[in-house]
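Within every chain, numbering begins at 1; the chains are lettered A, B, ... in the order of the sequence lines, protein sequences first and strands thereafter. Predicted, not measured: the structure shown is a model, and the values here were computed from it.
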Amino acid sequence: MHLLLVDGSSYVFRAFHALPPLNRKSDNLPVGCVQGFCNMLFKLTEDLKGDDQPTHMAVIFDHSAKTFRDDIYADYKAHRPPPPEELVPQFPLTRSATRAFSIPSIEMEGWEADDIIATYACMARDAGGKVTIVSSDKDLMQLVEPNGSIRMLDTIPRPGQPPLRWIGVDEVFTKFGVTPDKVIDVQALCGDAVDNVPGVPGIGVKTAAELINTYGDLETLLARAEEIKQPARRQKLIDNAELARISKQLVTLSREVPVELGLDALVRVPIEPGALFPFLKAMEFNTITKRLAGILEADPDAWEADPALAAKPVEAMGFDNAAKAEARAARLEASGRAEAALVAHAADVHERVKAIPLDHARYEIIRDAEQLRKWIEAIYAAGHVAVDVETTGLDNQTADLVGVCLSTAPGNGAYLPLDHRTGADLLGGGRVEGQMPMADALALLKPMLEDRSILKIGHNFKYDLGILARYGIVTAPIDDTLLLSYTLDGPRFNTMSELTSHWLGHGGIPIKDLIGTGKSQKTFAEVDIEAAARYGGEDADLTMRLWTLLKPRLPAENMSVVYETLERPLAPVLARMEGRGISVDRQILSRLSGDFAQRAAAFEAEAQALAGQPFNLGSPKQLGDILFGVMGLPGGTKTKTGQWATGADVLDELALQGVPLAKAVLEWRQLTKLMGTYTDALPSYINERTGRVHTSYSQASVLTGRLSSNDPNLQNIPVRTEDGRKIRTAFVASPGKILISADYSQIELRVLAHIADIQALKDAFEEGLDIHAMTASEMFGVPVEGMPSEVRRRAKAINFGIIYGISAFGLSNQLGIGRAEAGDYIETYFKRFPGIRDYMDEMRRRVKADGFVETIFGRKVQFPNANSKHPAERAFVERASINAPIQGSAADIIRRAMVKMEPALKKAGIEADMLLQVHDELIFEVDKGAEDKAMPVIAGIMESSAEPAVRLSVPLKVDAHAAHNWDEAH
DNA sequence: GCAAGGACGTA
DNA sequence: GTACGTCCTTGCA
């Protein structure tokens with residue numbers, strides 16, 4: 001990997017001073033810097049050939065806002081004059097130019113370009129790559145590294161000098177008199193007049209270098225300042241020690257900017273003519289257009305100038321609304337066209353992949369080390385590989401590895417059998433002949449699977465990551481076709497065969513053809529190797545095909561950021577959480593089970609006595625017949641299948657009317673529910689190897705972006721009733737440890753306040769008020785002091801109703817009031833918070849117009865039947881589309897917190913294991929005694945996790961508690 | 001042995 | 001009124 005980072009802002013300034021002014025012919029817009037910028041980008045790609053040719057590239061700009069350095073030193077860059085007038089309109093154009101050349105343009109509020117450059121440079125170096133920073137800015141010289149892993153390149157034309165001037169350790173030494181690692185110490189002493197870094201007055205570069213070379217570093221120098229012979233110099237250093245320290249902070253580049261795009265997003269792609277020529281034509285850069293047309297073998301006349309950037313005819317510039325609307329339409333069309341080119345590319349790739357024949361005979365069986373080495377070589381040549389592990393089961397915490405499937409390109413595939421066994425002798429270890437020893441094979445695969453320069457592609461890769469982790473392999477980096485599909489199309493396709501049937505017209509060999517089904521099912525270990533190779537080779541091949549066709553859709557459909565920030569980095573985090581599991585106390589559950597069983601039996605006997613006959617209390621059908629048939633109770637309603645409804649709401653009502661049978665059944669149902677789903681079921685999930693319960697998270701099955709948990713579901717452990725809560729006491733910390741539960745307070749209402757921009761709600765959250773009481777007070781004019789609990793309860797129901805896409809029908813059911821009264825409440829709410837109605841109307845409009853709504857982070861939530869001809873279905877979609885941005889944005893916020901959590905804890909020096917996620921709550925396990933330090937850090941990460949992508953207009957609040965069990969920690 | 005329906009646990 | 005997963009019964013293969 002070779003990453004090229006262009007310091008965009010510094011280049012624009014230098015180009016401004018170095019180049020003669022140039023104005024666009026049609027409207028005199030100054031464009032000289034933009035032209036210089038385009039020439040540079042173009043020349044860079046021309047000049048850097050062979051070994052110097054970059055594989056990854058990005059242009060980094062300063063964002064015109066304050067940075068953390070302003071907080072350290074108020075006068076930082078205070079001497080810098082505002083940019084010249086003619087430069088200002090060129091700033092956004094240089095960003096457009098970057099994108100026109102199909103290069104990522106990166107800038108972040110609160111960070112200087114130099115910090116972002118430092119961060120990416122270190123990321124690439126740590127990944128074993130080479131970095132070139134295109135800049136001559138001395139502030140970046142601290143990043144240069146001796147072995148050439150990080151170099152700088154000065155490309156500003158200077159008379160009498162070669163066009164490309166490399167800056168390595170020697171050049172830095174010439175400039176500062178020290179090696180790059182000591183540059184910040186020298187700068188701390190000599191300061192910088194341009195950036196207004198104070199330094200120590202009277203000390204220049206020469207003196208500074210001499211001092212640092214003598215004493216080693218700044219702190220040693222300041223500590224031993226007394227030893228300096230020259231009296232004036234000695235006194236200056238002693239007097240200005242603090243200034244020097246501040247200066248060092250100012251010049252030290254942050255290498256930990258929370259960048260949104262990973263290195264893989266910076267991979268170089270061919271210039272897209274559909275993006276390039278509309279831009280160049282709008283700028284009226286005829287010479288560059290011709291040159292690039294020749295090189296790209298494209299006809300520039302096939303594209304129109306980008307109307308959003310092109311010179312405007314004079315009549316369209318006035319306050320004419322019609323003209324404005326037209327200009328807006330033109331802009332939209334233009335961005336649509338750029339997108340159209342990407343979409344066409346994605347469609348083209350799809351067609352090409354489909355055309356590649358599927359040939360099971362081509363799949364190789366890898367039987368020895370030499371053959372495996374050849375495949376690994378091919379993988380290195382390709383830079384990526386589709387991987388699929390075959391195992392003995394569906395639970396990756398218990399299944400054993402049987403074989404590994406590989407594919408380096410659509411159409412090829414290989415199967416590496418490792419532990420196939422003869423069915424006759426399962427226990428005695430009848431290992432089938434012709435397989436590599438597993439240890440040898442894994443030793444060869446491990447370096448490749450862990451190599452940061454090789455992209456591993458899987459389908460539902462979290463499963464494979466968990467298996468491989470148990471064999472000591474930490475697979476990274478990864479791409480996941482399931483997550484690509486989920487990002488692009490939502491949870492529409494859930495399995496590999498659904499995806500491949502839809503996109504490739506071929507569902508693949510069904511697994512049951514190999515292992516059978518039902519009682520006679522065998523494990524993959526017993527499948528014969530030739531059949532396994534046809535299946536496994538195809539699996540890897542199909543995964544590779546899916547990746548090839550899905551990945552280009554990300555940029556075409558503007559979903560790269562969602563995938564790169566919310567999906568891809570989360571998978572390994574979840575894999576680790578699943579691997580850790582949580583400790584569950586068998587004895588507590590068994591005691592509870594006994595207690596519940598006894599009480600349930602008593603209620604069962606009572607119910608049957610009251611019914612006058614024995615019947616199955618678990619059968620809603622039998623219960624309904626007894627209540628509304630035999631006993632002839634009034635008020636029965638039927639379900640859609642004609643059965644009597646016997647839900648808890650119905651039985652509650654009957655119990656209220658004085659029907660003791662209803663009460664007995666309700667009690668029985670609660671107790672048997674707790675037994676069947678929790679106290680009896682959970683112990684069977686305790687893993688023998690780890691002694692813990694390992695849930696499995698589904699990252700790609702919820703419409704709104706939430707996670708779901710299964711086998712067992714640990715996201716629905718009871719909490720509302722006293723008996724139910726007892727189950728939580730069985731979730732315990734291991735010996736010497738303690739559990740921490742950290743949950744977002746009212747996150748969905750806060751998100752609603754932000755999205756719908758409801759000032760009254762935002763103020764209430766800002767002031768830390770009881771939000772439901774505040775709502776009640778606003779709606780009913782009742783003071784919060786001494787408010788009856790019933791009033792607050794109604795307001796709370798309305799607040800939740802709003803989140804769920806309220807209807808008078810639903811609210812009346814919830815509150816047990818009339819439809820009309822519920823409708824009045826809703827009307828009052830809308831009058832008091834008009835932004836809510838606007839928000840709801842806007843979501844209804846969008847879902848009908850676009851078929852989707854979005855979260856604040858850009859996740860799309862699709863509703864294919866938004867225009868259904870069934871009114872009930874349409875109403876349902878309307879409510880869901882109102883709910884989705886709220887629930888989904890909250891889900892994205894906690895996803896971001898989870899992605900940031902592990903590195904942030906590590907940085908803070910805190911050892912805490914993240915175990916569980918329950919939608920707005922994270923559970924951790926830490927060493928006893930560490931909880932007081934860990935909790936504020938965890939809460940801080942969660943509260944700020946939206947940033948820097950989104951600056952919320954309401955504060956987020958997280959409550960954290962520590963205890964030995966989950967009940968007390970919650 | 002499997003799918004659908006009802007019921008109910010969570011946020 | 002939103003979003004899930006699991007257990008149990010029932011009815012059909």
**Report entry** Sidechain-backbone polar pair: A:Arg750 side chain, A:Val954 backbone, donor-acceptor under 3.5 Å
**Finding:** no
Requested in this report: Please tell me which of the listed nucleotides, C:dG1, B:dG5, B:dC8, lies nearest to the side chain of A:Leu811?
Outcome: C:dG1
Requested in this report: Using a heavy-atom cut-off of under 4.0 Å over every strand shown, decide if A:Ser619 touches base, sugar-phosphate, or nothing.
Outcome: sugar-phosphate
Query raised in the report: What does A:Ile803 touch in the nucleic acid at a heavy-atom separation under 4.0 angstrom: a base, only the sugar-phosphate, or nothing?
Result: nothing
Query raised in the report: Between C:dG5, C:dG1, C:dA3, which nucleotide has the shortest distance from any of its atoms to the side chain of A:Asn710?
Result: C:dG5
Query - Backbone N/O of A:Asn616 and side chain of A:Ser619: donor-acceptor pair under 3.5 Å - result: no
**Report entry** Sugar-phosphate only, base, or nothing, as touched by A:Gly801 at under 4.0 Å among non-hydrogen atoms
**Finding:** base
Query raised in the report: Which part of the nucleic acid, if any, lies within contact of A:Ile717, taking any heavy atom under 4.0 Å across all strands shown: a base, the sugar-phosphate backbone alone, or nothing?
Result: sugar-phosphate
**Report entry** Closest-nucleotide 5' rank along DNA chain C - winner of A:Thr672 and A:Tyr678
**Finding:** A:Tyr678
Query raised in the report: Around atom NZ of A:Lys663, are there more than 12 heavy atoms of other residues, nucleotides or ligands at under 6.0 Å?
Result: no
Query raised in the report: Which part of the nucleic acid, if any, lies within contact of A:Phe809, taking any heavy atom under 4.0 Å across all strands shown: a base, the sugar-phosphate backbone alone, or nothing?
Result: sugar-phosphate
Query - A:Thr639 side chain near B:dG6 phosphate (N/O to OP1/OP2, under 4.0 Å) - result: yes
Query raised in the report: Does the base of C:dT2 carry an N or O that pairs as donor and acceptor with the side chain of A:Gln887 under 3.5 Å?
Result: yes
Report task. Grab the NZ-P distance between A:Lys673 and C:dC8 for me, whole Å please. Result -> 9 Å
Query raised in the report: Between the side-chain atoms of A:Arg669 and the base atoms of B:dA7, is any donor-acceptor pair under 3.5 Å?
Result: no
Report summary line: From CZ of A:Arg837 across to P of C:dG1 the rounded distance in Å is 20 Å
Report task. Could you check how far CG of A:Leu623 sits from P of B:dC8, rounded to whole Å? Result -> 10 Å
Requested in this report: Using only heavy-atom distances, determine whether the side chains of A:Glu921 and A:His970 contain a donor-acceptor pair under 3.5 Å.
Outcome: yes
Report task. Select base, sugar-phosphate, or nothing to describe what A:Thr646 touches, counting heavy atoms under 4.0 Å on all strands. Result -> sugar-phosphate
Query raised in the report: What is the distance, rounded to the nearest whole Å, between atom CD of A:Gln622 and atom C1' of B:dA7?
Result: 15 Å
Report task. Have a look at A:Ala891 and say if it touches a base, only the backbone sugar-phosphate, or nothing, with a 4.0 Å heavy-atom cut-off. Result -> nothing
Requested in this report: Answer with yes or no after comparing the ring centroid distance for A:Trp966 and A:Phe731 against a 6.0 Å cut-off, counting only values under it.
Outcome: yes
Query raised in the report: Which is it for A:Gln887 and A:Glu748 under the side chain to side chain donor-acceptor pair (under 3.5 Å) test, yes or no, and what are the steps along the way?
Result: CA-CA 6 Å; A:Gln887 186 183 115; A:Glu748 293 194 343; 4.7 Å; no
Query raised in the report: Of the candidate nucleotides C:dT2, B:dG5, C:dC7, which contains the atom at the shortest distance from the side chain of A:Arg879?
Result: C:dT2
Report summary line: Closest to the side chain of A:Pro620, out of B:dA11, C:dG11, B:dG6, is B:dG6
Query raised in the report: How would you label the contact of A:Ala797 with the nucleic acid (heavy atoms, under 4.0 Å): base, sugar-phosphate, or nothing?
Result: base
Query raised in the report: Are OP1 or OP2 of C:dA3 and a side-chain N or O of A:Ser708 less than 4.0 angstrom apart?
Result: no
Query - Nucleotide nearest A:Tyr804 (side chain, heavy atoms from C-beta), chosen from C:dC4, C:dT2, B:dC8 - result: C:dT2
Query - For atom CD1 of A:Ile727 and atom P of B:dG9, their distance in whole Å - result: 10 Å
Report task. Determine whether any donor atom in the side chain of A:Asn713 lies under 3.5 Å from an acceptor atom in the base of C:dG5, or the reverse, and answer yes or no. Result -> no
**Report entry** d(CG, A:Leu666; C1', B:dC8) in whole Å
**Finding:** 11 Å
Query raised in the report: Which whole-number value in Å describes the distance from A:Tyr685 OH to C:dT6 P?
Result: 6 Å
Query raised in the report: What is the distance from CG of A:Leu654 to P of B:dA7, rounded to the nearest Å?
Result: 13 Å
Query - Of the listed nucleotides C:dG1, C:dT10, C:dC7, the one nearest the side chain of A:Thr677 - result: C:dC7
Report task. Give a yes/no answer on whether the side chain of A:Arg720 brings an N or O atom under 4.0 Å of OP1 or OP2 in B:dT10. Result -> yes
Requested in this report: For residues A:Tyr829 and A:Tyr825, establish whether the separation of their ring centroids is below 6.0 Å.
Outcome: no
Query raised in the report: Of all the choices, C:dT6, C:dG5, B:dA11, which nucleotide is nearest to the side chain of A:Asp711 once you look at every atom?
Result: C:dT6
Report task. Measure from the side chain of A:Val702, starting at C-beta and using heavy atoms only, and say which of C:dC4, B:dG9, C:dT6 lies closest. Result -> C:dC4
Query raised in the report: Is there a side-chain polar atom (N or O) of A:Asn616 under 4.0 Å from OP1 or OP2 of C:dT9?
Result: yes
